[in-house]
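The structure appears below as structure tokens.
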Amino acid sequence: MSNEVSDFGKDVVDVLKSQLQSLRNRVKELETENAKLSSQLSKCCCHMREEMLNTYDVETFNPGLPSQRKNTGGDKTRKKKAIERIPGYNLEIMTHHSKRYVALKVMYFGQRFYGFASEAQMDPTIESEIFKALEKTRLLIGDKKESRYSRCGRTDKGVSSVGQVIALFLRSNLKETDANNKISGELIPDTRTGEIDYVRVLNRVLPNDIRILGWSPVSIDFNARFSCLAREYRYVFWRGNLNLPAMENAGKKFIGEHDFRNFCKMDAANVHNYRRCVTLFEISSSNIRLEGNQLCAIKVKGSAFLWHQVRCMVAVLFMIGQGLESVEVIDSLLDTEKTPRKPQYAMAPEIPLVLQSCEFEDVKFICSSDSGKALRIHLENECQAYQLQSAIFHEAVLSCLPLANDQSTLNKGTIKKVASHVPLLSRPTEPSYEDRCAKLNSRR
């Protein structure tokens, strides 16, 4: 009798085990089916979002006036509600979307920004505005760290760029990419024509003084900072009475690899090598003139630059152009054994400095014809707006001329004395690198 009960118990256990295994298999089937449906739903939502963005009219502008977006409050509300009604479309759950590692070429006018990087906790910055646009357009995959974000240059407050480059993962119409960010799955339907128009989508929500100029697919080992082969800066200035040949002769001394610790703002806590290689230095004149003055530009190219390096270089060149310093002062400042401490001097102003370009190997930026046309219209109208402002200031200058010519009303005819120039090598100096390191070590 006991044997029969034992056999019956075994049979029940076997049946339960069989049923349990069947349930497990069914759960796996349902999970697989769920994953497929989620993938289809996410792509459907992506396309619906893209179509909604693409229905926006290309911005139109009044000639000569600052560009303005013409979306009414009601339109924005309706579009927002329409997006919210898309089932499963949640910014917090974006990691399941197809993604692609992309480099973006960025232009910005830096006058109103506290630099490019957002780490300084000062707003607005160019970087913070770009990430606001990425979140608004639902292009961002995860947070900044998860997106593997990198930037080529960290320009300072007031500095502009027409060639800054950043890289990060963005939402894509590609179904799958391999380890090198190349197509390994189905494409919808072509790498360029079927891909999201990142330039158009982002430029529609970015502020007027920031624009995306192009995008390029890059491999996931690409880093906008460390993959950069060369950076080029331009510094524009009015010629006035500057001695350009003397400035150019002095500037040529920068070419080559040198220790530029006397031409930068030293950061001894983070930077321990101050040798940098400058590959090109030029001064050129433009056809732009104002009241007999001529607009010129200094072009400097190198593999990398130190903090405030270009502005310090330009400041010393201006002293040489004014005849206040000799060309040979460059040799003395580059000789860190002879001049181990940087003389105290003010940097050149930040507004005329432009990060012109960042060079990479095998990176070609894409911009669709429609996006390029809209971008050109926008920039032309911004130029016209600033030219109008310039014309207003010019009228103000002309209206002040009679007052300026009346010496009796200006300090009773006295002329303010210009401060005498103290030679650079005779000035008080800043702490040396060794002094700064010793001070840092004493605090630890």
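Both backbone and side-chain heavy atoms feed into the values below; hydrogens, waters and symmetry mates do not.
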Check against side chain to side chain contact (heavy atoms under 4.5 Å, CB included), R276 and Q309: CA-CA 10 Å; R276 296 294 185 271; Q309 180 180 337; 3.9 Å; yes
Working for side chain to side chain contact (heavy atoms under 4.5 Å, CB included), residues F237 and V314: CA-CA 10 Å; F237 63 96; V314 171; over 6 Å; no
Candidate pair L170 and Y198, rule side chain to side chain contact (heavy atoms under 4.5 Å, CB included), full reasoning: CA-CA 9 Å; L170 295 180; Y198 299 111; 3.8 Å; yes
Worked check of side chain to side chain contact (heavy atoms under 4.5 Å, CB included) between L140 and S147: CA-CA 7 Å; L140 191 62; S147 67; 4.2 Å; yes
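Counting heavy atoms from C-beta on, the side chains of Y233 and M313 never come closer than 4.5 Å. Between I212 and F365 there is no side-chain heavy-atom pair separated by less than 4.5 Å. Between K253 and H258, every side-chain heavy-atom pair lies at or beyond the 4.5 Å cut-off. Considering only heavy atoms from C-beta on, E325 stays 4.5 Å or farther from V316 through its side chain. Here the side chains of L290 and W238 are in contact, with some heavy-atom distance below 4.5 Å. At least one side-chain heavy atom of R311 sits less than 4.5 Å from a side-chain heavy atom of E350. Annotation: side chain of D209 is in contact with side chain of F113 (closest heavy-atom distance under 4.5 Å). A 4.5 Å side-chain heavy-atom check between F222 and D362 finds every atom pair outside the cut-off.
Panel note: side chain S216, backbone K364; a donor-acceptor pair is recorded below 3.5 Å. T137 places no side-chain N or O within donor-acceptor distance of the main-chain N or O of L202, the cut-off being under 3.5 Å. No donor-acceptor pair closer than 3.5 Å links the side chain of D335 to the backbone N or O of D331. No side-chain donor-acceptor contact under 3.5 Å links T125 to the backbone of G115. Between the R234 side chain and the A297 main chain, no donor and acceptor come within less than 3.5 Å of each other. One N or O on the side chain of E146 and one on the backbone of D143 form a donor-acceptor pair closer than 3.5 Å. Side-chain N or O atoms of R427 include one that pairs as donor or acceptor with a backbone N or O of Q344 at under 3.5 Å. For R112 (side chain) and F109 (main-chain N/O), no donor-acceptor pair under 3.5 Å exists by modelled atom type. Under a 3.5 Å cut-off, the side chain of R261 and the backbone N or O of K342 do not form any donor-acceptor pair. Side chain of E248 to backbone of E282: no donor-acceptor contact under 3.5 angstrom is found.
A distance of 12.0 Å separates SG in C228 from CD in E361, rounded to the nearest 0.5 Å. Note that CD of E195 is 9.0 Å distant from CD1 of I366, once rounded to the nearest 0.5 Å. Rounding to the nearest 0.5 angstrom, the gap separating the CD atom in Q322 from the NE2 atom in H421 is 8.5 Å. With values rounded to the nearest 0.5 angstrom, K299 atom NZ is found 12.0 Å from I283 atom CD1. Note that CG of L229 is 7.0 Å distant from CD of E359, once rounded to the nearest 0.5 Å. Within the model, atoms CG of N381 and CG of N208 stand 10.0 Å from one another, a figure rounded to the nearest 0.5 Å.
Scanning all heavy atoms of the two residues, the minimum distance from S432 to M266 falls at C-SD, 4.3 Å. Residues L317 and G251 share a closest heavy-atom pair of CD2-N, 3.8 Å. Heavy atoms only, all atoms of each residue included: V363 and F360 are closest at CG2-CB, 3.6 Å. The shortest non-hydrogen separation linking C296 to L244 is SG-CD1, 4.0 Å. Minimum heavy-atom separation, Y101 to I220: CD2-CA, 3.6 Å. For the pair C152 and Q164, the tightest heavy-atom approach, listed with the atom from each and the gap, is CB-OE1, 3.5 Å.
Ring to ring, F116 and Y108 are close: their centroids are under 6.0 angstrom apart. Y274 and Y433 have their aromatic ring centers within a separation under 6.0 angstrom.
Ionic pairing of K132 and E135 is not present here: no N-O contact between side-chain nitrogen and carboxylate oxygen is shorter than 4.0 angstrom.
In this structure, K157 places its NZ atom where only 12 or fewer heavy-atom neighbours from other residues, nucleotides or ligands lie under 6.0 Å away. Applying the 6.0 Å contact sphere to CZ of R436 captures more than 12 heavy atoms from other residues, nucleotides or ligands. Atom NZ of K439 sits in a sparse spot, with 12 or fewer heavy atoms from other residues, nucleotides or ligands closer than 6.0 Å. Environment of CG in N241: sparse, with no more than 12 heavy atoms of neighbouring residues, nucleotides or ligands closer than 6.0 Å. In I288, the CD1 atom is not crowded: 12 or fewer heavy atoms of neighbouring residues, nucleotides or ligands sit closer than 6.0 Å.
Take Y345 and apply the ring pair (Phe, Tyr, Trp, His ring centres under 6.0 Å) test, not counting sequence neighbours, and it matches no residue. With sequence neighbours left out, the ring pair (Phe, Tyr, Trp, His ring centres under 6.0 Å) criterion links F281 to no other residue.
Y149 and E127 are linked by a side-chain donor-acceptor pair at a separation below 3.5 angstrom, with hydrogens and angles left out of the test. A donor atom on one side chain and an acceptor atom on the other are found under 3.5 Å apart for D221 and S219.
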